[in-house]
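Since the structure comes first, as structure tokens, the remarks are kept for the end.
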Amino acid sequence: MKKLRIFTIILTTLFIFAACSNSRIVPKSLFGNTITEFSGTNEEGKAISEKDLKGKVWLVDFIFTNCKTVCPPMTYNMSQVADELKKEGVSPKDYGIISFSVDPKKDTPEKLKKYINQYNPPKGVWTAVTDYDEKFIRQFAEENFKTIVVPPTADNDQATHGTSFYLVDQNGVIMKDYAGKDTGDKKFPKAEIVEDVKTMIKEGPYKK
């Protein structure tokens with residue numbers, strides 16, 4: 001009887017710890033801010049702003065179509081996340097992916113659409129944004145996502161930008177960042193991103 005009681009206590013303790021490990025996602029220390037206003041044009045040629053992000057969980061990154069280095073592996077990795085979420089039955093009604101161009105002078109909506117479609121994303125999931133000036137995207141990236149953007153110059157057609165992915169909740173609050181590609185000791189955390197998107201959808205937007 002005593003052994004049974006001890007066994008019951010152990011099981012209860014394990015259950016409590018398991019419950020604790022599934023706690024609500026909270027913002028990383030750098031984040032917790034709400035995305036500021038933006039206005040642009042998406043890959044379909046339609047106007048888009050921060051208001052269009054409300055109600056879904058979003059994964060955000062910064063890319064450009066003429067990128068010769070980091071963007072192809074980043075975009076491939078993002079497509080793998082989208083494929084896995086589709087495989088696990090996550091609806092495009094609940095989450096989306098948004099890529100901001102860091103070369104808005106050259107990245108037309110048509111170019112962005114062609115670029116994203118190379119990776120065969122699930123229908124209705126991925127959007128890309130352009131049609132703002134270079135000063136805006138530099139400031140927008142720095143203020144909201146704590147990352148750098150240096151657009152191309154006359155002498156260099158390659159922009160400089162961060163390679164992180166960002167998780168944004170249903171109210172536009174930036175929650176956390178992830179390595180968008182393998183870099184040194186940092187490996188692309190596909191499984192973590194997939195689980196966080198599913199958790200955020202299940203739990204709803206962050207509550208302070």
Side-chain angles (χ1 to χ4, degrees), residues 25-36 38 40 42-43 48 50 52-53 56-65 67 69-88 90 92 94-103 107 112 115-122 124-130 137-138 140-150 159-203 205-206:
I25 296 174
V26 296
K28 281 188 175 180
S29 58
L30 274 178
F31 305 115
N33 52 300
T34 302
I35 292 179
T36 55
F38 72 87
N42 70 12
E43 78 289 351
I48 185 171
E50 78 288 347
D52 296 300
L53 305 188
K56 284 187 179 184
V57 175
W58 289 90
L59 292 171
V60 178
D61 69 355
F62 295 86
I63 54 97
F64 64 111
T65 61
C67 181
T69 54
V70 298
C71 300
M74 285 173 61
T75 310
Y76 172 78
N77 286 342
M78 190 70 91
S79 74
Q80 293 299 293
V81 172
D83 288 344
E84 186 62 30
L85 286 166
K86 180 181 179 181
K87 191 184 299 182
E88 297 195 20
V90 179
D94 295 320
Y95 95 100
I97 296 167
I98 184 165
S99 295
F100 288 91
S101 170
V102 297
D103 189 7
D107 280 343
L112 287 169
Y115 182 78
I116 296 299
N117 283 345
Q118 292 179 91
Y119 297 87
N120 299 311
V125 165
W126 208 324
T127 192
V129 192
T130 187
I137 193 60
R138 184 195 294 258
F140 179 77
E142 183 177 336
E143 288 184 356
N144 288 277
F145 298 94
K146 323 304 179 196
T147 190
I148 63 165
V149 165
V150 181
T160 300
H161 62 92
T163 59
S164 294
F165 295 165
Y166 303 88
L167 177 70
V168 177
D169 82 352
Q170 295 93 329
N171 287 334
V173 176
I174 304 165
M175 301 298 292
K176 60 191 292 190
D177 61 342
Y178 314 88
K181 58 183 286 292
D182 292 349
T183 308
D185 293 337
K186 283 190 174 182
K187 299 299 181 182
F188 172 62
K190 183 178 83 169
E192 179 186 356
I193 297 172
V194 168
E195 285 307 310
D196 282 352
V197 170
K198 289 163 60 181
T199 299
M200 197 93 252
I201 291 169
K202 182 179 178 181
E203 293 182 344
Y206 171 64

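Atoms considered below: every heavy atom in the structure, side chains included; atoms not considered: hydrogens, waters and symmetry mates. This structure is a prediction, so every number in the text was calculated from the model and none was measured.
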Subject >> Straight-line distance of L53 CG to N171 CG, nearest 0.5 Å >> reply: 11.5 Å
**OP:** Tell me, please, which residues at least two apart from Y206 pass side chain to side chain donor-acceptor pair (under 3.5 Å).
**Re:** none
**OP:** Using side chain to side chain donor-acceptor pair (under 3.5 Å) as the criterion, list what pairs up with E143, not counting sequence neighbours.
**Re:** Q139
Subject >> For I97 against A82, the heavy-atom pair lying closest together >> reply: CD1-CB, 3.9 Å
**OP:** State which residues pass side chain to side chain contact (heavy atoms under 4.5 Å, CB included) with T160; sequence neighbours excluded, sorted by chain then number.
**Re:** I148, V150
**OP:** Go through the side-chain N and O atoms of D107 and T130 and say whether any donor and acceptor fall under 3.5 Å apart.
**Re:** no
**OP:** For residues S101 and F64, report the shortest heavy-atom separation together with the two atoms involved.
**Re:** OG-CB, 4.4 Å
Subject >> Nearest non-hydrogen partners of P92 and G124, listed with the distance >> reply: CB-O, 3.8 Å
Subject >> Which atom of E43 lies closest to which atom of T127, heavy atoms considered >> reply: OE1-OG1, 2.7 Å
Original post:
How many angstroms lie between CG in D196 and CD in E203, if you round to the nearest 0.5 Å?
Top reply: 9.5 Å
Original post:
So, do N77 and V81 sit near enough that their side-chain heavy atoms are less than 4.5 Å apart?
Top reply: no
Subject >> For S79, all residues meeting side chain to side chain donor-acceptor pair (under 3.5 Å), sequence neighbours excluded >> reply: none
Original post:
In chain order, what residues pass the salt bridge (charged side-chain N to carboxylate O under 4.0 Å, His left out) check against D83, with sequence neighbours excluded?
Top reply: none
**OP:** Please work out whether the ring planes of W126 and Y119 are parallel, tilted or perpendicular, with thresholds of 30° and 60°.
**Re:** tilted
**OP:** Using salt bridge (charged side-chain N to carboxylate O under 4.0 Å, His left out) as the criterion, list what pairs up with K56, not counting sequence neighbours.
**Re:** none
**OP:** Report the distance from atom CD1 of I174 to atom OG1 of T34, rounding to the nearest 0.5 Å.
**Re:** 8.0 Å
**OP:** State which residues pass ring pair (Phe, Tyr, Trp, His ring centres under 6.0 Å) with F62; sequence neighbours excluded, sorted by chain then number.
**Re:** F100, F145
**OP:** Just jot down the side chain to side chain contact (heavy atoms under 4.5 Å, CB included) partners of E88, sequence neighbours excluded, or say none.
**Re:** E84, V194, E195, K198
**OP:** State, with a plain yes or no, whether a side-chain heavy atom of K181 is found less than 4.5 Å away from one of V70.
**Re:** yes
Subject >> Atom pair CD1 (I25) and NZ (K202), whose distance is rounded to the nearest 0.5 Å >> reply: 11.5 Å
Subject >> Value rounded to 0.5 Å, distance of OG1 in T65 from CD in Q118 >> reply: 9.5 Å
Subject >> Minimum heavy-atom distance P189-Y178, with the two atoms named >> reply: CG-CB, 3.9 Å
**OP:** For E142, enumerate each residue passing the salt bridge (charged side-chain N to carboxylate O under 4.0 Å, His left out) test, keeping only those at least two apart in sequence or located in another chain.
**Re:** none
Subject >> Closest contact, heavy atoms only, K186 versus A179 >> reply: CB-CB, 4.3 Å
Subject >> Residue list, salt bridge (charged side-chain N to carboxylate O under 4.0 Å, His left out) with K28, at least two apart or on another chain >> reply: D177
Subject >> Set of residues satisfying side chain to side chain contact (heavy atoms under 4.5 Å, CB included) with respect to D61, sequence neighbours excluded >> reply: I63, M74, M78, S99, F165
Original post:
Rounded to the nearest 0.5 Å, how far does CG of D103 lie from NE2 of H161?
Top reply: 10.0 Å
Subject >> Check: L167 and V197 side chains under 4.5 Å, non-hydrogen atoms >> reply: yes
**OP:** Please name all residues satisfying side chain to side chain donor-acceptor pair (under 3.5 Å) with T36, sequence neighbours left out, ordered by chain then number.
**Re:** N144
